[in-house]
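First comes the structure, then the notes that go with it.
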Amino acid sequence: MALLFSFAVQTTRAEDGLHRIIVDQTERSYALHVPPALTFPAPLAIVLHGGGGSAKSAAAQAGFDQEADKRGFITAYPEGTDRARPLMNALGKPGFRTWNAGGCCGVAVERSMDDVGFIRAMVAEIAKAYPIDRKRIYATGLSNGGMMAYRLACEASDLVAAIGAVSAVIVVAPCEPRFPVSLIAIHGTADQNVPIAGGVGPKSITKYPYPPVQDSIDFWAAHDDCGKDPIASTPAESVTLRSYPLCIGNTAVDYYVIEGGGHAWPGGKRMLKMLDAPSQAIAATPLIWQFFAAHPKP
């Protein structure tokens, strides 16, 4: 019988910052945050920026580093693909990085980037430096980042135990996960980029015809062999939670709907004035981490 050991260590902030790896002859980058005190083997949360974002903006928007310091897990912020912009880059101006989440979005789809392969390579690289608990690897993201989290669940269900999708839907077909994966999804009824009812949102940059959010929830509830009828509750004013019971093993599917919520990370930072103001009805980051912590792989 295999014996499992855990040990606590003090780490330094030297690990924080941008790391670069070569995947399929392409340089890819990710940021890493390691709390100053950590018990190994450690959980790993992969935080995926939205379209046009970056590792830096994802960390600032969601506040996962602060949650990691309190709860004891490593955070990784991979970066998507952008077009070559030498002048803008020289001036320190941001580009428009996206993920190949399947049907969406941007240059990542145009170039058929293997972002699942990149995430796998990134996790392997991190695991060389730190003992990672393979049963506690999670992925979450906003918008295109949430869609990429869904793609990881579809195509790397051996890797991730649970995902968090904020303002996102499944856009990869077919989605054929080999193993159960827990899901926490959060969506606002006033999202005009990825409409909750589906279709092309009036604020959509991609003009992609998204499926209804409920389709993604139903798919995952069926895959995890949950009960068909969700249990509804109101955890906060203007927020409805639909929890699907009796899922296989230790999996769960929780779907939060924020009445009047827009296309933003609830409780997070508003990165630009042109973007929707985040709802303050709930704080997505601690909520997602609590869900993750309760649902490791069996």
Side-chain angles (χ1 to χ4, degrees), residues 23-24 28 30 44-51 58 76 78-81 97-106 108-124 134-187 194 196 198 206 208-226 244 247-256 288 291-292 295-298:
V23 181
D24 291 336
R28 304 299 301 265
Y30 66 93
L44 172 65
I46 301 164
V47 184
L48 299 146
H49 63 75
E79 295 196 310
T81 302
R97 299 178 184 87
T98 58
W99 298 105
N100 179 7
C104 182
C105 297
V109 173
E110 293 169 17
R111 296 180 181 173
S112 299
M113 298 301 295
D114 181 9
D115 284 327
V116 173
F118 164 43
I119 301 299
R120 284 190 182 276
M122 180 193 73
V123 171
R134 292 289 181 171
K135 292 186 176 182
R136 295 189 292 166
I137 298 174
Y138 311 101
T140 185
L142 168 70
S143 191
N144 183 218
M147 296 171 201
M148 187 64 215
Y150 268 127
R151 185 164 195 174
L152 285 172
C154 294
E155 299 180 3
S157 59
D158 59 309
L159 181 71
V160 294
I163 64 164
V166 180
S167 296
V169 291
I170 299 172
V171 292
V172 61
C175 177
E176 299 177 328
R178 292 187 294 143
F179 303 102
V181 175
S182 293
L183 165 68
I184 176 172
I186 303 173
H187 217 100
V194 182
I196 196 167
T206 64
Y208 187 87
Y210 295 107
V213 176
Q214 190 64 48
D215 287 3
S216 298
I217 308 303
D218 290 345
F219 173 87
W220 223 261
H223 176 71
D224 288 345
D225 201 19
C226 306
Y244 289 75
C247 303
I248 192 169
N250 187 46
T251 57
V253 173
D254 281 358
Y255 176 31
Y256 289 81
I288 289 171
F291 181 87
F292 284 173
H295 298 98
K297 281 193 175 296

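Any value given below was found using the heavy atoms of this structure, including those in side chains, with hydrogens, waters and symmetry copies removed.
- Looking at Y244 and D218, their side chains come closer than 4.5 Å, going by heavy atoms from C-beta outward.
- Proximity of a side-chain donor or acceptor of S167 to a complementary backbone N or O of L142 within less than 3.5 Å is not detected.
- Legend: side chain to side chain donor-acceptor pair (under 3.5 Å) pairs involving residues 168-184, not counting sequence neighbours: none detected.
- Between the CD atom of E79 and the OG1 atom of T98 there is a distance of 12.0 Å, given to the nearest 0.5 Å.
- With values rounded to the nearest 0.5 angstrom, D224 atom CG is found 8.0 Å from I248 atom CD1.
- Of all heavy-atom pairs spanning A185 and I217, the tightest one is CB-CD1, 3.5 Å.
- A pairwise comparison of heavy atoms in E155 and V172 identifies OE2-CG2, 3.5 Å as the closest pair.
- Between P211 and I170, the shortest heavy-atom distance links the atoms CG-O, 3.7 Å.
- A salt bridge between D114 and R120 is absent, with no side-chain N of the basic residue lying under 4.0 Å from a carboxylate O of the acidic one.
- Between the W220 side chain and the V181 main chain, a donor and an acceptor come within less than 3.5 Å of each other.
- In this structure, the side chains of R134 and V123 come closer than 4.5 Å at one or more pairs of heavy atoms.
- Residues R28 and T81 are in side-chain contact: their nearest non-hydrogen atoms beyond the backbone lie under 4.5 Å apart.
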For D215 and V169: C-alpha separation, side-chain torsions, deciding distance, then whether side chain to side chain contact (heavy atoms under 4.5 Å, CB included) applies. CA-CA 8 Å; D215 287 3; V169 291; over 6 Å; no
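- Looking at N100, its side chain does come within 3.5 Å of a backbone N or O of M113 through a donor-acceptor pair.
- One distance of note links CD1 of I186 with OH of Y255; it measures 11.0 Å at 0.5 Å rounding.
- Nearest heavy atom pair, residue F291 against residue A162, reads CE2-CB, 4.3 Å.
- At least one side-chain heavy atom of Y210 sits less than 4.5 Å from a side-chain heavy atom of M147.
- Under a 3.5 Å cut-off, the side chain of H223 and the backbone N or O of F219 do not form any donor-acceptor pair.
- L48 is listed as a side-chain neighbour of I119, based on a closest heavy-atom distance under 4.5 Å.
- In this structure, the side chains of I137 and I46 come closer than 4.5 Å at one or more pairs of heavy atoms.
- When all heavy atoms of V109 and C105 are compared, the closest pair comes out as CG2-N, 3.1 Å.
- The CE atom of M148 lies 13.0 Å from the OG1 atom of T140; values are rounded to the nearest 0.5 Å.
- No side-chain donor-acceptor contact under 3.5 Å links W99 to the backbone of G146.
- For the pair D115 and R151, the minimum side-chain heavy-atom distance is 4.5 Å or more.
- Without hydrogens or angle criteria, S157 side chain to F179 main chain gives a donor-acceptor distance under 3.5 Å.
- Residues H187 and V166 have side chains not in contact (no heavy-atom distance under 4.5 Å, counting atoms from C-beta outward).
- Shown here are the ring-ring contact (aromatic ring centres under 6.0 Å, His included) partners of Y150, two or more places apart in sequence or in another chain: there are none.
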Chi angles and distances behind the side chain to side chain contact (heavy atoms under 4.5 Å, CB included) call for F118, D24: CA-CA 9 Å; F118 164 43; D24 291 336; over 6 Å; no
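- The nearest pair of heavy atoms linking P78 to A76 is CD-O, 3.4 Å.
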